[in-house]
Amino acid sequence: WESSPPVIRQPARSAKHARTPPEKKANQVNDAPQSIPDLHRLIENAPPADQDALEAARARQAILTKPAGALGRLEEIAEWLAAWQGRHPPSAERVQIIVFAANHGIAGRGISAYPSDVTAQMVANFGAGGAAINQLSNWLGASLEVIPLALDAPTGDITQQAAMDESACLEAWRAGMAALDSDADLVCLGEMGIGNTTIAAALSAALFGGSGDDWAGRGTGIKPGGKGSGDYRDYRITGACDVEHLTRLGRQVARIFGVN
């Protein structure tokens, strides 16, 4: 992946968001998986949500001067954040946003209104500060990293083959782990790449059932009868979903799983 454009970093406004030192980041990936069985063990040993912090957050909600549920999803989010941070009250002082960008081989089938070259153009726009995520991260005072992944080497066409072999999938997972700021209170993950609607539909169908058509619409800029309006929604992963299915997807999807 040496030909990828450089990582784009938009620092947070506050000094308290200083990046994790390289030596600490190296320690974060000591347990990085070297095989699919390693990946299974890593997932199985992941720490659970902190129930004490969750109950403390719920108890706090109960004594506030407001009707129960008056703050809508904000209440659920506060409880979720407390549970997964393992503390109450939760904090969102240090927010990290990571966007992975990659190209998908299936885009060669004309499933999008735009060519794969647009992925690189969008990455350039991120670098120039012109995308919506740049404005949102500035508004939040969050750090932003946009990480391009071999944009000139699309993954395999998932209708014909796996997007990646096992080695490439594990490499992407480990790279995702390395991108994480372990001191972040909250990490927001995103991805960009022409053809990603199809990949998202395939992943959702594999996880939750149904077909690609149940999970994604026609796609940005596609009109009925126009380019990309064929049978792309039937391109999906079949069978029970497992970590091996990551090889059927894309580099940025595997890296997102690695961060999680």
- Could you check if a side-chain atom of V146 sits within less than 4.5 angstrom of a side-chain atom of M192, using non-hydrogen atoms only? no

- Message: Just verifying a value: how many Å separate S137 OG and E145 CD, rounded to the nearest 0.5 Å?
- Response: 11.5 Å

In a table with atom names and distances, give each donor-acceptor pair under 3.5 Å that connects a side chain of residues 115-126 to protein atoms at least two apart or in another chain.
residue : atom : partner : partner atom : Å
T119    : OG1  : N103    : OD1          : 2.7
T119    : OG1  : S116    : O            : 3.4
T119    : OG1  : I194    : N            : 3.1

- Query: Of the options V187, L144, L189, L186, which is the one that meets I97 in a side chain to side chain contact (heavy atoms under 4.5 Å, CB included)?
  - Reply: L144

- Under the 3.5 angstrom rule, does the side chain of E75 hit a backbone N or O of A70 as a donor-acceptor pair? yes

- L136-L74 co-clustered via ILVMFWY side chain contacts under 4.5 Å: no

- Task: Output yes when a side-chain donor or acceptor of Q161 lies under 3.5 Å from a complementary backbone atom of G156, and no otherwise.
- Result: no

- Item | I158 backbone acceptor or donor facing Q160 side chain under 3.5 Å | no

- Item | Nearest-0.5 Å distance that lies between atom CD1 in I199 and atom OG1 in T155 | 6.0 Å

- Item | For the student: nearest non-hydrogen atoms of F100 and A179, plus distance | CZ-CB, 4.3 Å

- Message: Rounded to the nearest 0.5 Å, what separates atom NE2 in H104 from atom OG1 in T198?
- Response: 9.0 Å

- Query: Would you say the side-chain atoms of D165 pair up with the backbone N or O of A168, donor to acceptor, closer than 3.5 Å?
  - Reply: yes

- To the nearest 0.5 angstrom, please state how far the CD1 atom of I98 sits from the CG atom of D181. 8.5 Å

Name the atoms and distances for all side-chain donor-acceptor pairs under 3.5 Å in residues 48-55, with sequence neighbours left out.
residue : atom : partner : partner atom : Å
D50     : OD1  : D52     : N            : 3.0
D50     : OD1  : A53     : N            : 2.9
E55     : OE2  : R58     : NH1          : 3.4

- Check: E191 and N196 side chains under 4.5 Å, non-hydrogen atoms: yes

- Task: Any chance you could measure N45, atom CG, to H40, atom NE2, to the nearest 0.5 Å?
- Result: 12.5 Å

- Item | For the student: nearest non-hydrogen atoms of L42 and P33, plus distance | CD2-CD, 4.0 Å

For residues 76-91, which side-chain N or O atoms pair as donor and acceptor with protein atoms under 3.5 Å away, sequence neighbours left out?
residue : atom : partner : partner atom : Å
Q85     : OE1  : R87     : NE           : 3.0
Q85     : OE1  : R87     : NH2          : 3.3
Q85     : OE1  : S91     : N            : 2.8
Q85     : NE2  : S91     : O            : 2.6
Q85     : NE2  : D185    : O            : 2.8
R87     : NH2  : D185    : OD1          : 2.6
S91     : OG   : E93     : N            : 3.3
S91     : OG   : D185    : OD2          : 3.2

- Does the side chain of D183 reach to within under 4.5 Å of the side chain of Q96, using non-hydrogen atoms? no

